[in-house]
Amino acid sequence: MIGAMPPAEHATTPHAYAEVNLDAIAHNVGIHAAHTRADVLAVVKADGFGHGALQVAGIALASGATWLGVTTCAEALALRAGGITAPILSWLHSPAEDFGPAISADIDLSAASPAHLRAVAEGAARAGRRANVHLKVDTGLHRNGAVREEWPELIGQARRAELDGHVRVRGIWSHLISGIDPDGQQIRAQVKLFEEAVELARDAGLRPELRHLANSVATLAAPETHYELVRPGIALYGVEPHPQHHFGLRGAMTLRARVIVTKRVPAGSGVSYEHDYITEHDGNLALVPLGYADGVPFSSVADAEVWIAGRRYPVAGRVAMDQFVVDLGDDPATVGAEVIVFGPGDQGEPTVAEWARWAHTIPHEIVTRIGPRVARRYVGASVEGFEEVPGV
Ligand SMILES: *Cc1c(COP(=O)(O)O)cnc(C)c1O
């Protein structure tokens with residue numbers, strides 16, 4: 001279902017919320033689809049990069065994606081419980097897991113080693129049905145996946161499991177070290193190794209119909225990595241993944257709050273813990289009820305700015321667990337004034353990419369860390385039954 005309010009078990013803060021624009025996500029899926037002839041698997045792990053996995057899945061499938069990708073079986077099963085019937089691939093497991101429930105729910109499973117494959121085959125036997133498997137080969141990232149020396153064993157075992165009726169190898173896949181590769185050499189090396197793995201699999205009698213390698217930036221900028229399926233994540237949420245080229249993506253999340261306390265202090269006043277910030281002039285301070293427990297990074301403090309009443313103001317002093325202070329200078333401070341922490345940048349408000357820079361991190365970390373205390377609200381023409389909730 002699209003447009004659901006957050007689950008009632010979360011005690012959400014009443015004066016802040018993350019607005020998720022589903023039209024922006026639909027637009028971004030369309031941009032990816034326009035850059036490839038492959039099928040698009042929308043990566044909705046980590047609760048849809050913090051945007052709400054079920055809502056993102058719904059709009060992504062409605063706007064051109066045909067697959068969904070998640071890390072854990074629990075994430076995949078939550079999508080099924082939410083009514084999603086599209087194919088789902090789950091890729092981060094221990095061989096100690098019971099794969100029976102995921103197989104029963106028709107979740108495709110990645111197998112990263114012979115031990116994983118064995119566990120999937122056992123789960124399939126228990127579930128009484130064939131598991132769809134994607135063999136994960138390591139082509140240089142050295143994170144997950146079978147290294148070259150393991151390929152013959154993994155592939156041989158996969159073929160035997162197919163003949164036993166327990167699995168069907170539907171895919172073979174790998175992950176890039178970086179989608180940004182100025183001279184293309186690193187991607188070429190990974191593609192070459194990947195194709196060796198595919199050939200080895202075919203020689204063993206496997207017929208994986210889905211080869212996949214590309215993340216967001218490779219979907220937009222490295223067509224040689226597309227094959228039959230691409231796996232964009234961050235760019236679906238509107239973060240431009242390439243430092244030089246912009247693809248016309250739209251930021252999907254706007255983090256909004258209201259000022260809850262104001263005060264006037266004299267020049268030379270220290271603000272927030274340890275008084276790291278000292279006001280230069282007599283002026284007004286505004287208190288915003290969001291802190292690092294809500295995902296506003298503590299480490300951003302030296303540079304961070306927010307948008308209030310049509311202009312940017314600096315965050316004054318340390319971000320606390322639940323709140324931070326803004327220095328309005330001589331501008332008037334009003335309880336209830338709207339604060340945009342970040343948004344798509346259309347009005348001049350800070351973006352996720354700027355916050356990432358200020359916090360010395362990557363945009364992925366900014367959006368995925370927006371905490372459970374922050375309600376997600378869904379906007380966009382595509383939202384069925386959406387009602388504006390007044391008066392935060
Ligand atoms: C997270 C993830 C993606 C998406 O990567 P982006 O850089 O966010 O597009 C794709 N594939 C795998 C295996 C991932 O873990």
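Order of appearance sets the numbers: ligands from 1, and atoms from 1 within every ligand. Predicted, not measured: the structure shown is a model, and the values here were computed from it.
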Can you tell me how the ring of Y237 sits relative to the ring of H51, calling it parallel under 30°, perpendicular over 60° and tilted otherwise?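 Y237 and H51: tilted rings.
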
Ring geometry between W358 and W355 (parallel below 30°, tilted from 30 to 60°, perpendicular above 60°):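 Aromatic pair W355/W358 classed perpendicular.
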
One pair to check against salt bridge (charged side-chain N to carboxylate O under 4.0 Å, His left out): R250 and D23. What are the steps and the verdict? CA-CA 9 Å; R250 284 195 210 142; D23 285 350; over 6 Å; no

If the criterion is any heavy atom closer than 4.0 Å to an atom of ligand 1, which residues make the list?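 If the criterion is a heavy atom under 4.0 Å, then ligand 1 touches V43, K45, F49, W91, R143, W173, H175, N215, S216, R231, P232, G233, I234, H364.
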
Look at the side-chain heavy atoms of Ile, Leu, Val, Met, Phe, Trp and Tyr, link any pair under 4.5 Å apart, and say whether I234 and V40 land in one connected group.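 Per the 4.5 Å side-chain linkage, I234 and V40 are not co-clustered.
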
Between E338 and R256 (salt bridge meaning N to carboxylate O under 4.0 Å), is one present in this structure?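 Yes.
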
Ring centroid separation for H226 and H212, is it under 6.0 angstrom?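 Not close enough - the centres of the two rings lie 6.0 Å or further apart.
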
